[in-house]
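Here's the structure, in structure tokens; my notes come after.
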Amino acid sequence: MAEPRPRVWASQPLFGDVVDRLRAHFELEVTPEATDHPPARIAEALADADGALVTLNERIGAAEIARAPRLRAVANVAVGYDNLDVPALSAAGVLVTNTPDVLTETTADLGFALLMAAARRIGESERWLREGRWQGWSFDRLLGVDVHGSTLGILGMGRIGQAIARRGRGFGMRVAYHNRSRLPEAVERELGAVRLSFEALLAEADHLVLVLPYSAATHHIVDAAALARMKPTATLVNIARGGIVDEHALAEALAAGRLAAAGLDVFEGEPAVRPELLALRNVVLTPHIGSASLATRRAMAALAVDNLIAALGAGPQAGRPPNPVNAEAVAAAGRKR
Ligand code: GLV
């Protein structure tokens with residue numbers, strides 16, 4: 001008898017024509033409409049799945065895979081994967097993949113847009129105009145801070161951080177960064193970027209952009225003490241994950257004028273946004289749209305589908321998915337069993 005085809009669960013519809021490519025190799029169950037799945041539904045869907053295509057809305061850990069003996073691969077349609085408990089998945093022999101590179105430029109665009117909007121008070125200006133308050137031009141209305149000629153600070157100098165650095169160069173900014181490891185000298189030269197300590201970066205940046213992965217080590221790395229080191233004229237942009245910033249401390253600093261403005265695309269409790277932030281005029285808020293261009297979202301879905309096909313041993317890259325996250329840990333767990 002022929003082996004049954006592997007089963008795959010797609011947690012969200014994404015792009016039908018892209019997700020349907022999985023049907024060439026697998027039995028596919030696609031959630032027909034964008035859905036907020038409770039944990040029990042995720043566990044149920046994974047129970048008889050060999051693979052899953054998921055977004056950062058789905059949190060998957062030991063509890064969700066406890067009854068999923070066949071699960072071998074989870075393809076996350078995102079570059080960040082803090083929605084997945086990677087050690088728990090690795091221990092169960094489940095390969096995780098993500099979607100780097102294809103979203104780098106689009107996400108950097110949004111980071112720069114938030115920087116410009118925060119610095120030049122664009123959200124605040126627009127709200128003010130729409131409220132019908134513009135009765136005449138005024139010399140000192142809505143004065144912001146300059147972007148050109150200022151110091152751009154980048155915390156986390158991976159692919160997206162470097163793409164932001166290139167944008168900063170184009171705007172005539174001095175580029176400084178902090179990263180665990182120093183970039184190769186040739187890359188620093190090309191980007192015109194200097195590496196500073198975390199403390200020096202906080203103190204010197206006129207505009208600080210957060211682009212580092214979220215983990216226990218980076219939880220609230222920008223806390224009250226870090227914010228206190230920043231210039232009162234500085235702006236802060238977060239396009240990484242909400243948990244990197246202590247939002248309560250940020251709201252206090254913004255309200256007290258200890259920081260000029262912020263642009264936030266991510267929030268610790270998203271989709272809930274703290275009322276203190278919503279009440280502030282000097283913060284620009286967007287609903288986690290960093291990679292949200294049509295072309296990039298299609299590219300992310302396509303890459304995740306390629307990863308899943310290969311991770312489950314099918315297609316031209318069988319066994320060699322382009323973006324494995326935990327291949328070594330899965331191999332080590334396999335040896336233990
Ligand atoms: C979006 O936040 C991503 O990690 O891709």
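All ligand and atom numbering here is 1-based and tracks the order in the structure. Numbering starts at 1 and runs along the sequence shown.
Taking the salt bridge (Lys or Arg N to Asp or Glu O under 4.0 Å) definition, one finds that R297 meets it with nothing, sequence neighbours left out.
Between R120 and D146 there is no salt bridge, since no side-chain nitrogen of the basic residue lies less than 4.0 Å from a carboxylate oxygen of the acidic one. Salt bridge status for R127 with E131: absent, with no side-chain N to carboxylate O gap under 4.0 Å.
Within 4.0 Å of ligand 1, protein heavy atoms come from L56, A78, V79, G80, L103, R241, H288.
The cationic atom of R298 (NZ for Lys, CZ for Arg) lies less than 6.0 Å from the six-membered ring centre of F15 and within 45° of the ring axis.
Both I309 and L28 are members of a single hydrophobic cluster when ILVMFWY side chains are connected at heavy-atom separations under 4.5 Å.
A side-chain hydrogen bond (donor to acceptor under 3.5 Å, both in side chains) with R241 holds for exactly one of T218, N83, D82; it is D82.
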